[in-house]
Novice: 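Sharing a structure with you now.
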Number of protein chains: 2
Amino acid sequence: MLKLAILGLLQERPLHGYELRRHLAALTGHVRPISDGTLYPAIKRLETAGLLIRETEPGTAAAPRHTLHLTEAGQAALLARLRAPEELDITDENRWFTVLAFLRQLGDPAEQAAVLRRRLAFLNEPASFFYDGERPLGAEEFDDPFRRGLLLIARATTQTELSWLTETIAELDEH
Amino acid sequence: MLKLAILGLLQERPLHGYELRRHLAALTGHVRPISDGTLYPAIKRLETAGLLIRETEPGTAAAPRHTLHLTEAGQAALLARLRAPEELDITDENRWFTVLAFLRQLGDPAEQAAVLRRRLAFLNEPASFFYDGERPLGAEEFDDPFRRGLLLIARATTQTELSWLTETIAELDEH
DNA sequence: GCACCATACCTCGTAGTCGAGGTATCTCGG
DNA sequence: CCGAGATACCTCGACTACGAGGTATGGTGC
């Protein structure tokens, strides 16, 4: 998830670690901050995997800055992940939203629409595991104002996403 | 986060692992499924920490079922976590929603309202890191339909939560 | 001239999470 | 009576993430 976000940001333009940290914060910051201890190891992992390279520019600022560039393998990896959120990426909200943030980079409207359609299908699936036979699991939710709140919030989010999805798919289909 | 959810569910009633798995799925299932490889180690961690004990009932079903009970330490740990989402739990959406799911178990409306107020204050904080000097980081969002979608969804979620929070706090204040 | 903050990067140990695999038994349809 | 599917539990290796710490330098305010 972080990996995808880093690749996506670097595809837009090369950045050094600190800038990357700020852009990540801008993307998901308020609700899901990313610590240094998460970011820098992730950069290193991507580097050893050959997906990005660093160019050290000494003296520009206080510390020697390492400007990070995607390699061709990195760009390929990004596109592959955007194109194929097979199981994981559409299911998990975090990952899905990260895919969405960089979906623009797929370029082709038809491909973009295909990805959106997969998410749409997933959201429309009946959530079978919510039920235990007849009665919904956790039927006591309706006595509990806090669970009611959760339901309310979840429903609003899903509703907004659903209408946005159908609208946007229609727009993409008109090329 | 998973730890909190397990403690919360077991406080409501003792369960065995498989039931726990289903209730967890009902809580967060569609958007955030939990795998066995995550659940069972988590149970074991809580057990070694002395927060829960297992009672083996052989022969009830196919495999020997281990009914899990909270210990007193477990109940104390749950209450402590619900009462004190100091930094982490209000910030991170996942953790916060988990807190919400079990907030009922705090009992006292004044305490519950206090927790909600903390979340309210957090949501009303200006998201300072969204800006880089004057211009908002990622102002190009408005050229990108996908980022627009993200903004739309995020805003709807926050709006729903905000109005629910103020409403519920008012209700709690009337005891 | 010095304290303080922002910039910029990094390591460490710990802990959480994942998916893929495995092992049983019980139940029900054919 | 056989096989499929649900119930029930578990392990393993790999990866990801976390927070708390650390090291520097440059710029601003007093």
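Order of the sequence lines sets the chain letters (A, B, ...), proteins ahead of strands, with each chain counted from 1.
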Novice: Are side-chain N/O atoms of Glu55(B) and His69(B) paired as donor and acceptor at under 3.5 Å?
Specialist: yes

Novice: Calculate the interatomic distance between Glu55(B) atom CD and dC9(D) atom P; express it in whole Å.
Specialist: 13 Å

Novice: Once side chain to side chain contact (heavy atoms under 4.5 Å, CB included) is applied, do any residues pair with Thr71(B), and if so which ones, sequence neighbours excluded?
Specialist: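 In terms of side chain to side chain contact (heavy atoms under 4.5 Å, CB included), with neighbours along the sequence ignored, Thr71(B) is linked to Ile53(B), Ala73(B).
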
Novice: Which listed nucleotide (dT17(C), dA8(D), dT16(D)) is nearest to the side chain of Arg45(A)?
Specialist: dT16(D)

Novice: Report whether Leu46(B) and Tyr18(B) are members of the same hydrophobic cluster (ILVMFWY, side-chain heavy atoms less than 4.5 Å apart, transitive linking).
Specialist: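 No; Tyr18(B) is not reachable from Leu46(B) via cluster members.
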
Novice: Examine the side chains of Gln159(A) and Trp164(A) and answer whether a donor and an acceptor come within less than 3.5 Å of each other.
Specialist: no

Novice: Which one of Leu15(B), Leu20(B), Ile6(B) satisfies the side-chain contact (heavy atoms from CB on, under 4.5 Å) criterion with Leu68(B)?
Specialist: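 Testing each of Leu15(B), Leu20(B), Ile6(B) against Leu68(B), the sole residue satisfying side-chain contact (heavy atoms from CB on, under 4.5 Å) is Leu20(B).
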
Novice: Looking at His16(A), does any N or O in its side chain come under 4.0 Å of the phosphate oxygens OP1/OP2 on dC9(C)?
Specialist: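 No, outside the criterion.
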
Novice: Of the nucleotides dC9(C), dC18(C), dA17(D), which has the atom closest to the Leu2(A) side chain?
Specialist: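 The closest nucleotide is dA17(D).
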
Novice: By salt bridge (charged side-chain N to carboxylate O under 4.0 Å, His left out), which residues pair with Glu167(B), not counting sequence neighbours?
Specialist: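 So Glu167(B) forms no salt bridge (charged side-chain N to carboxylate O under 4.0 Å, His left out) with any residue.
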
Novice: Suppose we screen for side chain to side chain contact (heavy atoms under 4.5 Å, CB included). Which residues come up paired with Ala114(B), at least two apart in sequence or across chains?
Specialist: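 None.
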
Novice: Mind checking if Arg21(B) touches a base, just sugar-phosphate, or nothing, with heavy atoms under 4.0 Å?
Specialist: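 Result for Arg21(B) = nothing.
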
Novice: Can you tell me if Tyr18(A) touches the phosphate of dT7(C), counting only side-chain N or O atoms and a distance under 4.0 Å to OP1 or OP2?
Specialist: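 Yes, because at least one side-chain N or O of Tyr18(A) sits under 4.0 Å from OP1 or OP2 of dT7(C).
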
Novice: In this structure, how many angstroms lie between the P atom of dC9(D) and the CG atom of Leu39(B), rounded?
Specialist: 9 Å

Novice: Going by the rule side chain to side chain contact (heavy atoms under 4.5 Å, CB included), which residues pair with Ala77(B) if we only count those two or more places apart in sequence or in a different chain?
Specialist: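 Partners of Ala77(B) under the side chain to side chain contact (heavy atoms under 4.5 Å, CB included) test: Leu7(B), Leu51(B).
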
Novice: Please report, rounded to the nearest Å, how far the C1' atom of dC18(D) is from the NZ atom of Lys3(B).
Specialist: 14 Å

Novice: N/O contacts under 3.5 Å, protein versus nucleotides 10-14 of chain C?
Specialist:
unit_1	atom_1	unit_2	atom_2	d
dC10(C)	OP1	Arg54(A)	NH1	2.8
dC10(C)	N4	Asp36(A)	OD2	3.4
dT11(C)	OP1	Lys44(A)	NZ	3.1
dT11(C)	OP2	Lys44(A)	NZ	2.6

Novice: Are the side chain of Gln105(B) and the backbone N or O of Gln11(B) linked by a donor-acceptor pair below 3.5 Å?
Specialist: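 Here the side-chain-to-backbone pair does not exist.
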
Novice: Let me test you: for the helix from dG1(C)-dC30(D) to dG30(C)-dC1(D), what is the angle between the axes at its two ends (five pairs each), rounded to 10 degrees?
Specialist: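 Here the helix ends are tilted 30° relative to one another.
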
